[in-house]
Amino acid sequence: MSLRTRCCVVCLAAGLLATVATAQAPAARLSDAGAYRAAALVDSVFVDRAKRESVVEGADFASYLVARLGIRPVPADLALDVTVDSSAVEIGGRVDELPIPVKAALGSALAFLDPASVVTADVVLERARRGVVRFHLRSILVNGFPLPEPLLIPLMAEVGAAYYPALTNTGRDLLVAIPDDGEIVLLPGAVRVAIMGPLKPAPVGTR
């Protein structure tokens, strides 16, 4: 399976990302530049502790999660949109915009769909335990309707077991470590990362 194929499968499955809220920000697309922008903002809070919080654009944060799975660079021509609201994240695109290898990988899940059908990963954010958050694939939606669980369960288990040890064995969860005093919160069109504890003192001579 090619890099681009694996990236698309992960995006549709694990999502680096919900029922559409009444008010949503416009969708944006994954990008390698977005992964770098997000990493810089996240690290400034969780690693460097130079800032108490940062707000990351939704598609940039999704790109960052994809990069954490080891997919670098994020392919520039992925026809996958990202939409974030305060309850969840959606990553998806039209069947006829997906690369042919991705359609083959998803097999029977796409076989009888109209080319204009929209396939969307519906991902929610949960607190797994102190210092860990979970991005959970609630469903894969086809034109707004969830893929039946008997189809989804084996598909995602295969993706998780075969390609991405960062995912749980169900292939539906990505666990992300954060500081014990950290939090990640979904906002309309963005993701907020923050810490509650003290900041690190600035190096001598930089104040």
### Task
Hey, could you give me the CZ/CG distance between R134 and L174, rounded to the nearest 0.5 Å?
10.5 Å
### Query
If you round to the nearest 0.5 Å, how far is CG of D81 from CD of E90?
10.0 Å
### Query
What about V176 and L30, same hydrophobic cluster or not, with Ile/Leu/Val/Met/Phe/Trp/Tyr joined at side-chain heavy-atom distances under 4.5 Å?
yes
### Query
At their closest point, which heavy atom of D60 faces which heavy atom of G34, and how far apart are they?
OD1-CA, 3.1 Å
#### Entry: Intermediate values then yes/no, side-chain contact (heavy atoms from CB on, under 4.5 Å), I91 and V123
CA-CA 8 Å; I91 301 178; V123 178; 5.9 Å; no
#### Entry: pair S31-R37: side-chain heavy atoms closer than 4.5 Å
yes
### Message
Grouping I, L, V, M, F, W and Y whenever their side-chain heavy atoms are under 4.5 Å apart, do L151 and L155 come out in a common cluster?
### Response
yes
### Task
Find out if a path of hydrophobic residues (ILVMFWY) with successive side-chain heavy-atom gaps under 4.5 Å connects Y36 to Y64.
no
### Query
Do E126 side-chain atoms and A128 backbone N/O form a donor-acceptor pair below 3.5 Å?
no
### Query
Does any non-hydrogen side-chain atom of M156 lie less than 4.5 Å from one of I140?
yes
### Query
P146 and S139: which non-hydrogen atoms are nearest, and at how many Å?
CB-OG, 3.1 Å
#### Entry: Heavy-atom closest pair, residues A88 and V124
CB-CG1, 3.9 Å
### Task
Tell me, please, which residues at least two apart from A40 pass side-chain contact (heavy atoms from CB on, under 4.5 Å).
none
### Task
Enter the distance from D122:CG to L141:CG here, rounded to the nearest 0.5 Å.
5.0 Å
### Least distance between heavy atoms, K51 atom then S54 atom
NZ-OG, 3.2 Å
### Least distance between heavy atoms, A116 atom then D114 atom
N-OD1, 2.8 Å
### Message
Does anything in residues 147-167 form a salt bridge (charged side-chain N to carboxylate O under 4.0 Å, His left out)? List the pairs, not counting sequence neighbours.
### Response
E149-R172
### Message
Side chains of N143 and S117 only: does a donor on one sit below 3.5 Å from an acceptor on the other?
### Response
yes
Could you pull out all donor-acceptor pairs under 3.5 Å where a side-chain atom in residues 180-196 meets a protein atom, sequence neighbours excluded?
unit_1, atom_1, unit_2, atom_2, d
D181, OD1, R49, NH1, 3.3
D181, OD2, R49, NH2, 2.7
D181, OD2, G197, N, 2.7
E183, OE2, R192, NH1, 2.5
R192, NE, E53, OE1, 3.2
R192, NH2, E53, OE1, 3.0

### Query
Just wondering, do V42 and F61 contact through their side chains at under 4.5 Å, heavy atoms?
yes
### Query
For the atom pair CZ (R130) and CD1 (I178), what is the distance rounded to the nearest 0.5 Å?
10.5 Å
### Query
So if you build clusters from Ile, Leu, Val, Met, Phe, Trp, Tyr with side-chain heavy-atom gaps below 4.5 Å, do V89 and V118 land together?
no
